[in-house]
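Report on one structure; see the data block that follows.
Per chain, numbering begins at 1; letters A, B, ... match sequence-line order. The shown structure was predicted, so the numbers you read here are calculated from the model rather than taken from an experiment.
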Amino acid sequence: MEMLDKTFNPELIEDKWYQYWIDKKYFVASLKKKAKPYCIVIPPPNVTGSLHMGHALNNILQDVLIRYKRMQGLNTLWMPGTDHAGIATQNVVEKQLAEEGINRKDIGRERFIERVWKWKKESGGIIINQLKGLGASCDWDRERFTMDEGLSRAVREAFVDLYKEGLIYRSNYIINWCPRCHTALSDLEVEYDEKVGKLYFLTYPVSNSKRKLIIATTRPETMLGDTGVAVNPTDRRYKDLIGQKVLLPLVNREIPIFADSFVDMEFGTGVLKVTPAHDPYDFELGLKHDLDTINVMDEDARMNESAGVYKGIERFKCREKILADLSNQGFLKKIEDYTHQVGHCYRCKTFIEPRISEQWFVKTKPLAESAILSVKNGKTKIFPAMWEKTYFEWMENIRDWCISRQIWWGHQIPAWYCRDCGEIIVEKVTPERCFKCGTSNIEQESDVLDTWFSSSLWPFSILGWPEQTEELKIFYPTQVLVTGFDILFFWVARMMMMGLKFMNKVPFHHVYIHALVRDSEGQKMSKSKSNVVDPLIVMKKYGTDAFRFTLTALAVQGRDIKLSEERIAGHRNFANKIWNASRFVLLNIGEFKTFNIEKITKDLSLRERWILSSLHRAIIEVTRDLDSYRFNDAAYHIYHFIWHEFCDWYIEFVKPTLYNKKDPFYDFAKFILTHVLETILRLLHPFMPFITEEIWQKLPKSGESITIENYPKSKPKYFDKNAEDKIEIIKQAITSIRNIRGEMNIPPGREIEIQIRCSNKETEKLFNANKSYFLKLCKACNILISTHIDRPKSAAIGIINCGDIFIPLEGIIDFKEEFRRLEKELARTTQDLNSAVKKLCNEDFLKKAPQEIISKEQKKHDELIEKKIKLESNLKKIKELDTE
RNA sequence: GGGCGGAUAGCUCAGUUGGGAGAGCGUCGGCCUUACAAGCCGGAUGUCGCAGGUUCAAGCCCUGUUCCGCCCACCA
């Protein structure tokens, strides 16, 4: 038998086994396998990114699921891939260029894109290798990239189809503009932060009148673009002014005063300045009331020629200047502190500037309908279900999706403009000439698509769509999507819409929404906050298995994870525990007989029947937990069984047998010990793939890898309540004796004599048959078990349900110590008894509670009474002895 | 403004149809007992945020409330 090293060193085995699995092609999905398909598509990480805690959690959970299902014999496919991450990647490369003193515009679009591809080539493999380091069992042969040829084709196909159906349109509209990235953003890409700013009260004189309107605004610099002033139609203060005009200060432009019920009379002075070019709602008001639109800023958010003397000034500098000018001319009434939400770019944090421009949009309402329905009718289920509410709320109030970006890295929109006749041509195949006027003087739209547009097609584009591939036929819809709630709208919602649109089927049956890994203060980990815990460092320090197990054990539904290193260290210890338990097994089994487990169950000893029962209970719990995505419970059940049943008790119980060839259960014990360990390894493998493979390979086996072995199945025939109850009684007795030893400060080395007075013949028989456990686990030299034992004169006593335990301590016993110990126990017993009595005296309880509960309470009551009497009589005896 | 989540042992957190409050870490006492000191044995520790209600019975269900976190939203 091959042995294990004395200590577990994860570093020595991880790469070895990962390579082995790859070489053996265990992760490659089959198109011929008849088994039920089970597919997960990876949330594609940014191709140039590197692994952070969020990735780690996300991919570990996916790997647990896919390994579990693979072992269960399903036809599994975990599709990997990466995302081109438009703005994010472009920003990275722009920064690199900036270091060389180059602006992207200096080198032009083509060369810039080449540069990005180069960077992708250099760094694109990093995240993939890190995923492999986690043990991710993806089908790497099928790895995809959102900008590879096939997926680009899918993007074009989808875009053109949607356009032709009128679900994509082009429009001049006010959008969120990032003055730094120089691009439009969707509503989701704007993040709002609470900022303490100012509310400025400006004076707008009414034309041909002595009256003045006081107007509150947070953005005085936009006044240059004001084209109207609005009041609430029911506001008595201003009713008479509706239809009149005000003279805009500094600009001296006359603009109309009009009424709209949107205006809140309570806010500020109840008068709203309207700047259609620089505020989304003002834009709507402008359309509604046919106001002029005056854009006063350029794409850098500097004032433009419409701003007159302010031209060229940056927007916030301009604000100061305008305030100074207004103040000098007596138009600034007052300034108040004001806290409000300010939007900034989710990629570069620059303040967003609303801007009117020509953009492409997806008409989302029609797509959202079926996406809502599919969740309502359960075609797609979200775990935990509370997220369904959030999903519905967003979907039901969905707004059109701005999909064009004025950047270079991404899928260029397949639209062409005819320079001669102005026709817009949208085609899957690049057109040679204008369909309308026939000229070849056409130019492709320079905008690219929002990264999330290609992501929304991911579950089917990755499987080969628009080709009708075998993969698509077999694996779509996928089984489960595992992701964080932060991209529920960005990604999940949009995949639902596109999947239903193009495949007519939901993209996944289940969505498991996991937590975000946060720092100790509950903050999202991010580089800018420098609160990032690097998974790679942790993995190296504690081992990948320990790291995986930790995140799995912390993956509670509906709650964020605050990661602590102690927890990981704890699971490193767990891995070590498994390692050493396995060492013990390998050191002791030697050559042993194998049996047919199915046939010997009845012949086994109590101990073996118990551990098998306990094992199968653990199996049923773990499978149930995994099937309902209760990862933390699954991890707990495994942990508890391995450490606190198998190691703490079974291995200790089995030792006397292993050391005694003449023991009638000698062969059985060796066999069952090995069998249980082997089963544990399979049960644990999805969570800790490396250590389980390493140990499994050293056990007597027939297969080539635990990765492709069957996942344990619980079988009812192994459940043995009788054995569990009996072992429980033995454990209780042993714990009671150990408790006395501990509390009475009996040195562990000192052997003691034990007498157990059993309350019935059955217990007497049970204890006698298992005497060896007491000798070994209580360090006893002599043990007397009988229903007829008189209490020794000087003895410590332990009271258990089925009898009394006496430890004669002639000469050693500290009466005061023993007295205190028993008194403490008596107090506790009395308290429990009182609560039981109270319940049993309650007529309503007896009348209304289920019989099962009542008899349980009655039994408890009887046991407590008996215990109390015994404790009292013993206390009395000790008192007598002590005074002698 | 709307919605969601959290408040349980010193710390981080479990607790799935309501029926004897748990784990890990920490802590205290004792052990290098030939698988494991990354370990073993034992001990201590909780008005389950607050106030009501339903129930024979509430950490769990209902109502209200405080504090913390998050998401959504067009009050400038």
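- Atom NZ of A/Lys195 sits in a crowded spot, with more than 12 heavy atoms from other residues, nucleotides or ligands closer than 6.0 Å.
- Between B/A57 and B/G46, the distance separating the two P atoms is 25 Å to the nearest Å.
- Counting non-hydrogen atoms under 4.0 angstrom, A/Arg399 reaches the backbone sugars and phosphates but no base.
- Under a cut-off of 6.0 angstrom, the local environment of CD in A/Gln341 is crowded, with over 12 non-hydrogen atoms contributed by other residues, nucleotides or ligands.
- For the ring pair (Phe, Tyr, Trp, His ring centres under 6.0 Å) with A/Phe549, the qualifying choice from A/Phe574, A/Tyr636, A/Phe631, A/Phe690 is A/Phe574, the only one to do so.
- Across B/C56, B/G15, B/A76, the shortest atom-to-atom separation from the side chain of A/Asp844 is found for B/C56.
- Between B/G24 and A/His644, a contact under 4.0 Å exists linking OP1 or OP2 to a side-chain N or O.
- A tilted orientation is assigned to the rings of A/His644 and A/His640, their planes being inclined by 30° to 60°.
- Between A/Phe485 atom CZ and B/C71 atom P the separation is 7 Å, expressed in whole Å.
- Contact annotation: A/Lys847 side-chain N/O to B/C56 OP1/OP2 distance is not under 4.0 Å.
- Nucleotide B/A35 holds its P atom 16 Å from the CD1 atom of A/Ile695, rounded to whole Å.
- Base pairing annotation: B/C25 forms a Watson-Crick or G-U wobble pair with B/G10, both donor-acceptor distances under 3.5 Å.
- Backbone-only engagement by A/Thr218 is indicated by non-hydrogen atom pairs under 4.0 Å involving sugar-phosphate atoms exclusively.
- Between A/Lys776 and A/Pro280, it is A/Lys776 whose nearest contact on RNA chain B lies nearer the 5' terminus.
- As rounded to the nearest Å, B/C62 and B/C4 have P atoms that lie 12 Å from one another.
- Among the protein residues, A/Lys273 comes within range of no part of the nucleic acid, since none of its heavy atoms lies under 4.0 Å from any strand.
- B/C13 and B/G53: their C1' atoms are spaced 30 Å apart (whole Å).
- Considering only side-chain N and O atoms, A/Arg567 lies nowhere under 4.0 angstrom from the phosphate OP1 or OP2 of B/A14.
- Nucleic acid contact for A/Pro850: base, since at least one base atom lies under 4.0 Å from a heavy atom of the residue.
- Taking the six-membered ring for Trp and thresholds of 30 and 60 degrees, A/His289 and A/Phe258 have ring planes inclined between 30 and 60 degrees apart.
- Using a 4.0 Å heavy-atom cutoff across all strands shown, A/Glu652 reaches at least one base atom of the nucleic acid.
- Salt-bridge formation is detected for the pair A/Glu652/A/Lys655: a Lys NZ or Arg NE/NH1/NH2 atom is positioned less than 4.0 Å from an Asp or Glu carboxylate oxygen.
- Among the atoms of the strands shown, only primed sugar atoms or phosphate atoms (P, OP1, OP2) are found under 4.0 Å from some heavy atom of A/Tyr338.
- Rounded to whole Å, the separation between the C1' atoms of B/A21 and B/C48 comes to 8 Å.
- An OP1 or OP2 oxygen of B/C72 is reached within less than 4.0 angstrom by no side-chain nitrogen or oxygen of A/Lys389.
- At distances below 3.5 Å, not a single donor-acceptor pair connects side-chain atoms of A/Ser736 with backbone N or O atoms of A/Gln732.
- Put simply, NE2 on A/His340 is 17 Å from P on B/A73, counting in whole angstrom units.
- Rounded to whole Å, the separation between the C1' atoms of B/C60 and B/U17 comes to 11 Å.
- Side-chain proximity of A/Phe489 to the nucleotides B/U16, B/C71, B/G19 is greatest for B/C71.
- Using a 4.0 Å cut-off between a side-chain N of Lys or Arg and a carboxylate O of Asp or Glu, A/Arg828 and A/Glu825 do not qualify as a salt bridge.
- The gap from the C1' atom of B/A14 to that of B/A76 amounts to 48 Å, rounded to the nearest Å.
- The partner of B/C50 is B/G64, judged by Watson-Crick or G-U wobble contacts that both fall below 3.5 Å.
- In this structure, CG of A/Asn9 is placed 18 Å from P of B/C36, rounded to the nearest angstrom.
- Nearest to the side chain of A/Phe584, among B/G20, B/A35, B/A76, sits B/A35.
- Within the structure, every side-chain polar atom (N or O) of A/Arg624 is placed at least 4.0 Å from both OP1 and OP2 of B/U16.
- As rounded to whole Å, 15 Å separates atom C1' of B/G29 from atom CZ of A/Arg741.
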| request: Summarise protein proximity over nucleotides 37-49 of chain B in one line of letters, 5' to 3': B for base, S for sugar-phosphate only, - for none, counting protein heavy atoms closer than 4.0 Å. | output: -BSSSSSS-----
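- Classification of the A/Tyr639-A/His571 ring pair by plane angle, with boundaries at 30° and 60°, yields perpendicular.
- Atom NE2 of A/His278 is separated from atom CD of A/Glu353 by 6.5 Å, given to the nearest 0.5 angstrom.
- B/U12 and B/U16 have their C1' atoms separated by 22 Å, given to the nearest Å.
- Between the CG atom of A/Asp486 and the P atom of B/C70 there is a distance of 14 Å, given to the nearest Å.
- Here A/Glu694 pairs with A/Lys698 in a salt bridge; the nearest charged N to carboxylate O distance falls below 4.0 Å.
- Proximity note for A/Arg583 (side chain, C-beta onward) versus B/A35, B/A76, B/C71: the nearest is B/A35.
- Under the Watson-Crick and G-U wobble criteria, each requiring two contacts below 3.5 Å, nucleotide B/U34 is left unpaired.
- The side chain of A/Ala581 lies closest to B/A35, out of B/G20, B/A35, B/C31.
- Atom name P, nucleotides B/U27 and B/A35: the rounded distance is 28 Å, in whole Å.
- Taking a pair to require two hydrogen-bonding distances under 3.5 Å in either a Watson-Crick or a G-U wobble arrangement, B/C4 pairs with B/G69.
- For the pair A/Asp633 CG and B/U16 P, the computed distance is 9 Å after rounding to whole Å.
- Using a 4.0 Å heavy-atom criterion, one finds that A/Tyr659 contacts the sugar-phosphate atoms exclusively.
- Positionally, the nearest nucleotide of RNA chain B for A/Val190 lies more toward the 5' end than for the other of A/Arg219 and A/Val190.
- Summarising the geometry, the separation between CG on A/Asn842 and P on B/G19 is reported as 18 Å, rounded to the nearest angstrom.
- For the pair A/Lys848 and B/A57, the criterion of a side-chain N or O lying under 4.0 Å from OP1 or OP2 is not met.
- When heavy atoms are screened at a 4.0 angstrom cut-off, A/Ile651 is found touching base atoms of the nucleic acid.
- Using a 4.0 Å heavy-atom distance criterion, A/Lys655 is classed as a base contact.
- With B/C74, B/G30, B/A23 as the candidates, the nucleotide lying closest to the side chain of A/Tyr281 is B/C74.
- Enclosure of atom CD in A/Gln831 is not indicated, since only 12 or fewer non-hydrogen atoms of other residues, nucleotides or ligands lie within 6.0 angstrom.
- Across all strands, A/Glu843 comes closer than 4.0 Å to no nucleic acid atom at all (heavy-atom distances).
- Counting any heavy atom pair closer than 4.0 Å across all strands shown, A/His861 reaches no nucleic acid atom.
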